[in-house]
Amino acid sequence: MEKTALTAAFWDDFARDYWKKRSVVFKGVVPKDLLTGLDVLETFGGYVTHSMGQGAGAAPSRQRGGHVRLFVEGRQIGPTEQLKFMPRGDGLSGYIQELNATFDGARVGIILNDVELYNARLGVLLRELLAPLISRVGIPARNVESTIFAGDYDVTPFGIHKDDSADVLTLVIEGRKRMLVWPEAYFDEHPERLQQLQAGNAAIPLFEKDATELIAEPGDVMYWPGSAYHVATGTGGVVATCAIGFWHKANLSEMISELVKDVLTSKLGGRNTIIDNWRPDAVPSELEASTHALRELLTGGEFQAALTKAWAERVERLGFMAYRE
């Protein structure tokens, strides 16, 4: 594999001139075979294996993140049809053709989030690739999210949209990716345009002439800031990309409450689950005991230790999701 052109100087320039400022495509800066269609299929297979392992009788999983969205001609399908997306066929293009046939020739799209949960090698690769950037801009408050988009769909199923404070880097795996991007003010300062977006993909021709067009192929890296409105439009054939979103907006109460739940569950042990009926005239003794246990966690330093450990783990994985044992 040839070397990447994502040098220290590249990341210095990117962080200074583009990060949170403007959209861009960097041509030929990573090896064309950095990610392949086989990687996509292996990741899909990893997701299927995990999902099937969560059936009846499976051990409880504490894994966070990781979900799939499946589309047929822009329509998101439900659980009863999801088995039709089981990986098969010869290569990524063959797999998509098999899906097309399954749905009577209809175009399909697959969006799988947190791909490092289902393909450990890709997780290592993405962390190594992005470590220099994160060392310059920091770990986003919410998380770093890797997502595979694959299929022969002609337009983003959910139309022109703005992600909630998420800067996005995109690597093209197969095909040719075309994005239309607009600055935040183009829509946010024009209520009549925002209203027209309610028309979904039918609204794209109304604003396409004012968009910045980004076109990328394998070997290229595409970027747009979290403030930008954007939509993908088809260029023909099968296209697969890996997008890395830097989600900066977080709810502190949710983050802390999740950790409290984990730590308190561990401390209560067998007392955490009860089967009982409570009288309405007083706070149940079990709830009182739980608040005492929580107070002990806070005053005794156990919660602080858990917070410090959780942060160290998050730094180690650079903000990406990970399996929680």
Side-chain angles (χ1 to χ4, degrees), residues 18-25 65 67-78 81 103 106-114 140-172 175-216 220-251 254:
Y18 296 95
W19 183 251
K20 294 188 176 299
K21 294 177 182 176
R22 55 194 176 112
S23 305
V24 65
V25 173
H67 65 281
V68 70
R69 285 167 288 172
L70 308 171
F71 297 89
V72 176
E73 293 292 352
R75 173 183 65 88
Q76 187 166 358
I77 68 170
E81 294 181 286
F103 291 101
R107 289 170 295 191
V108 298
I110 307 167
I111 303 175
L112 177 62
N113 295 85
D114 301 310
R142 181 172 162 188
N143 68 297
V144 180
E145 181 182 60
S146 59
T147 304
I148 285 177
F149 295 79
D152 61 348
Y153 57 95
D154 62 342
V155 65
T156 301
F158 29 91
I160 299 172
H161 64 286
K162 178 175 65 173
D163 295 320
D164 195 8
S165 302
D167 293 85
V168 178
L169 282 168
T170 294
L171 305 170
V172 180
R176 192 166 179 258
K177 187 75 169 184
R178 179 179 186 253
M179 297 292 300
L180 300 177
V181 183
W182 297 262
E184 185 175 40
Y186 182 82
F187 288 106
D188 285 2
E189 295 181 6
H190 294 272
E192 74 283 1
R193 292 174 181 166
L194 282 175
Q195 182 65 32
Q196 289 173 300
L197 289 186
Q198 303 305 310
N201 287 327
I204 295 175
L206 302 175
F207 310 115
E208 187 168 359
K209 66 181 184 347
D210 298 322
T212 295
E213 182 185 60
L214 305 177
I215 296 179
D220 303 339
V221 174
M222 181 186 294
Y223 168 77
W224 62 85
S227 59
Y229 283 84
H230 55 279
V231 68
T233 60
T235 57
V238 174
V239 179
T241 63
C242 181
I244 301 99
F246 296 77
W247 294 84
H248 307 286
K249 186 177 180 180
N251 188 311
E254 290 181 2

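Residue numbers count from 1 along this sequence. Both backbone and side-chain heavy atoms feed into the values below; hydrogens, waters and symmetry mates do not.
Under 4.0 Å is where a charged nitrogen must lie from a carboxylate oxygen, and between Lys162 and Asp188 at least one such pair does.
Remark: Asn251 CG to Arg142 CZ distance equals 10.5 Å, nearest 0.5 Å. Here the OG1-CD1 distance, from Thr147 to Ile111, works out to 8.0 Å after rounding to the nearest 0.5 Å. Between Thr156 atom OG1 and Phe149 atom CZ the span is 7.5 Å, to the nearest 0.5 Å. Distance check: Met179 CE to Leu214 CG gives 7.5 Å after rounding to the nearest 0.5 Å.
Counting heavy atoms of neighbouring residues, nucleotides and ligands inside a 6.0 Å radius, atom NZ of Lys21 exceeds 12 of them. Open room surrounds CD on Glu189; 12 or fewer heavy atoms of other groups in view lie less than 6.0 Å from it.
Of the possible polar contacts, none joining the Ser165 side chain to the Gly226 backbone as a donor-acceptor pair under 3.5 Å is found. Without hydrogens or angle criteria, Arg193 side chain to Tyr186 main chain gives a donor-acceptor distance under 3.5 Å. A distance-only check finds a donor-acceptor pair linking the side chain of Asp152 to the backbone of Val108 [under 3.5 Å].
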Exercise for the section: Could you walk me through whether Ile215 and Asp220 pass side-chain contact (heavy atoms from CB on, under 4.5 Å), step by step? Expected result: CA-CA 9 Å; Ile215 296 179; Asp220 303 339; over 6 Å; no

Practice task
Step by step, work out the side-chain contact (heavy atoms from CB on, under 4.5 Å) result for Leu197 and His161.
Solution key: CA-CA 8 Å; Leu197 289 186; His161 64 286; over 6 Å; no

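Each of Trp19, Trp224, Tyr18 was scored for a side-chain contact (heavy atoms from CB on, under 4.5 Å) with Asp167, with one residue passing: Trp19.
Nearest heavy-atom pair, Phe207 versus Gln196, reported as atom, atom and distance to 0.1 Å: CZ-OE1, 3.4 Å. Closest approach of Val239 and Arg176 over heavy atoms only: CG2-O, 3.6 Å. Shortest non-hydrogen contact noted between Tyr223 and Leu169 is CB-CD2, 3.7 Å.
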